[in-house]
Amino acid sequence: MAEESDLEKTESPSPRRLEKAREEGNVPRSRELATCTILLAGGAGMWVMGDGLMLKIRHMLSSSLAFERSAAFDMPLLLTRIIAQVGDLALAFAPLAILLLVVALATPMLIGGWLFSTNALMPDFGKLNPMSGLANMFSIRALVELLKAIGKSALISVIAWMVVSNKLNTMLMLGMEPLKAGVAHMGDLMLACFMWIVGGLVLIACIDVPYQLWQYTQKLKMTREEVRQEAKESEGNPEIKAKIRAQQREMARRRMMTQVPTADVVVTNPTHYAVAIKYVDGKMRAPQVVAKGMGEVAARIRELATENNVPLMEAPPLARALYKHTDLGDEIPQTLYIAVAEVLAYVFQLRAFRQNGGRQPEMPTNIEVPPEMDPNNQAQQTETESRSIQ
């Protein structure tokens, strides 16, 4: 059952899958929406600009049919007149053409957005396979498209019949009207019938757009195995990432160990923690932590410090505080300045004693650390508070 569920496309398409489909030119589209918006724009444009267009067309026809007999035999003049009339006709219809162009370009923004993909222009010889063509002809998608076409034709036919039957008497009375008034009235009737029919297309588009979006999502749905595989490809294999992190930690530890011989002192717990501190007068504002570790890493730091004559100082509270509140390369916190200054003072005195002789300095035995900086004190305080609450 688990294998079957993994093979079923039950998961919503991921953003990566949607992006990949878009790169391939696969976006939701609705032909009914495009047809509807262009026809609506054309009808509205004719409604607004119809009178001006008719006047320009009538003026062009009257001027083109009125010319001298000699001009009919002058081919250059006749060609010039025809070009001028075609130019006038193009200028007359230019606003309507621009309106239709703008609507045609803006319609894709309503569903799917603009898209230009070179992948869609690449030839796909798989589409020439006759078996694939037959499978598409008898597929559920083809059946749905057939039902849509039948429903669209039926709806438009019903609307057209209702509109024409309602305006039939008015249409029959057009022959009794004066020519000019009758032509204008007929134009209004035709435009009204056209807009009613386009209104039926609006209803079809309102049904088709949600269906196209649903079908697009269904087509791009993923199986659980595909989701897991995509997660591995995008985020990386967890095992490989774990190995990379382990290698990075190892490299960081090696770099850290190279800094131990340059440290001034290593503060220890004495066995659990080890923190190496370095201070260069005039170059550093405050001492810095160049290495730190616990357990085996702390043991290796102490070993390197011993091999390179770096002083070791047992100060458990200070070692715990430094390990807890600093990272590699950080300056020590201001609250630990006094404690670290006491340690460095002893180290510098010990260094002077080794170089010049004299009285050997005594190692500090009770270095105080603010209670809030010691992790052990914080743990004890938390435990005490929890007991008091109980």
Evaluate the criterion side chain to side chain contact (heavy atoms under 4.5 Å, CB included) for residue pair Val260 and Arg300; output intermediate values, then yes/no. CA-CA 10 Å; Val260 174; Arg300 180 57 181 162; over 6 Å; no
Lys56/Asp88 under side chain to side chain contact (heavy atoms under 4.5 Å, CB included): CA gap, chis, key distance, verdict: CA-CA 8 Å; Lys56 291 180 180 179; Asp88 293 339; over 6 Å; no
One pair to check against side chain to side chain contact (heavy atoms under 4.5 Å, CB included): Met256 and Val297. What are the steps and the verdict? CA-CA 10 Å; Met256 179 183 69; Val297 178; 3.8 Å; yes
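A chain of hydrophobic side-chain contacts below 4.5 Å, direct or via other Ile, Leu, Val, Met, Phe, Trp or Tyr residues, connects Met294 to Val265. Residue Val343 is grouped with residue Leu336 when hydrophobic side chains (ILVMFWY) are merged at heavy-atom distances under 4.5 angstrom, including chains of intermediate members. By the criterion of side-chain heavy atoms lying less than 4.5 angstrom apart, applied directly or through intervening Ile, Leu, Val, Met, Phe, Trp or Tyr residues, Tyr323 is not grouped with Leu304; the two fall into different hydrophobic clusters. No continuous path of ILVMFWY side-chain contacts below 4.5 Å connects Met363 to Val266, so the two sit in separate hydrophobic clusters. No single ILVMFWY cluster, assembled from side-chain heavy atoms under 4.5 Å apart, contains both Leu33 and Val103.
Within the model, atoms CD1 of Ile301 and OG1 of Thr306 stand 11.5 Å from one another, a figure rounded to the nearest 0.5 Å. Rounding to the nearest 0.5 angstrom, the gap separating the CD atom in Gln218 from the OG atom in Ser12 is 9.0 Å. In this structure, CD1 in Ile38 is found 9.5 Å from CG in Leu101, a value given to the nearest 0.5 Å. Taking NZ of Lys152 as the reference point, atom CG of Leu201 lies at 7.0 Å (rounded to 0.5 Å). With values rounded to the nearest 0.5 angstrom, Arg29 atom CZ is found 10.0 Å from Thr107 atom OG1. The line from CH2 of Trp196 to CD1 of Ile156 is 14.5 Å long, rounded to the nearest 0.5 Å.
In summary, Asp208 and Arg31 do not engage in a salt bridge, as defined by a charged side-chain N under 4.0 Å from a carboxylate O.
Side-chain contact between Asp327 and Lys292 is present, with heavy atoms from C-beta onward closer than 4.5 Å. Side-chain contact between Arg255 and Met251: present, with at least one pair of heavy atoms (C-beta onward) separated by less than 4.5 Å. Side-chain contact between Met195 and Leu40 is present, with heavy atoms from C-beta onward closer than 4.5 Å. Residues Met313 and Ile367 meet the side-chain proximity criterion, which asks for heavy atoms closer than 4.5 Å. Using a 4.5 Å heavy-atom cutoff, the side chains of Gln288 and Thr326 are not in contact. Here the side chains of Val163 and Phe194 are not in contact, with every heavy-atom distance at 4.5 Å or above.
Nearest heavy atoms, Leu53 versus Ala92: CD2-O, 2.9 Å. The heavy-atom pair separating Gly45 from Leu99 by the smallest distance is CA-CD2, 4.0 Å. What you find for Val209 and Ser30 is that their closest heavy atoms are CG2-OG, 3.9 Å. Here the closest non-hydrogen pair linking Leu18 and Tyr216 is CD2-CE2, 4.1 Å. Contact between Gly293 and Ala298 at its shortest, heavy atoms only, is O-CB, 3.4 Å. In this structure, Ala205 and Pro210 approach most closely via the heavy-atom pair O-CD, 4.4 Å.
Summarising the local packing, CD of Gln215 is surrounded by more than 12 heavy atoms from other residues, nucleotides or ligands at distances under 6.0 Å. For Met284, the CE atom counts as densely surrounded, since its 6.0 Å shell holds more than 12 non-hydrogen atoms of other residues, nucleotides or ligands. Applying the 6.0 Å contact sphere to NZ of Lys221 captures more than 12 heavy atoms from other residues, nucleotides or ligands. Counting non-hydrogen atoms of neighbouring residues, nucleotides and ligands closer than 6.0 angstrom, the CD1 atom of Ile338 reaches no more than 12 such neighbours. The number of heavy atoms from other shown groups lying within 6.0 Å of CD (Glu296) does not exceed 12. Counting heavy atoms of neighbouring residues, nucleotides and ligands inside a 6.0 Å radius, atom CD of Glu362 does not exceed 12 of them.
Thr35 contributes no side-chain N or O that, together with a main-chain N or O of Glu32, makes up a donor-acceptor pair within less than 3.5 Å. The backbone N or O of Leu220 sits less than 3.5 Å from a side-chain atom of Arg17, completing a donor-acceptor pair. Although no hydrogens or angles enter the test, the distance criterion places no donor-acceptor pair under 3.5 Å between the side chain of Asn269 and the main chain of Ala319.
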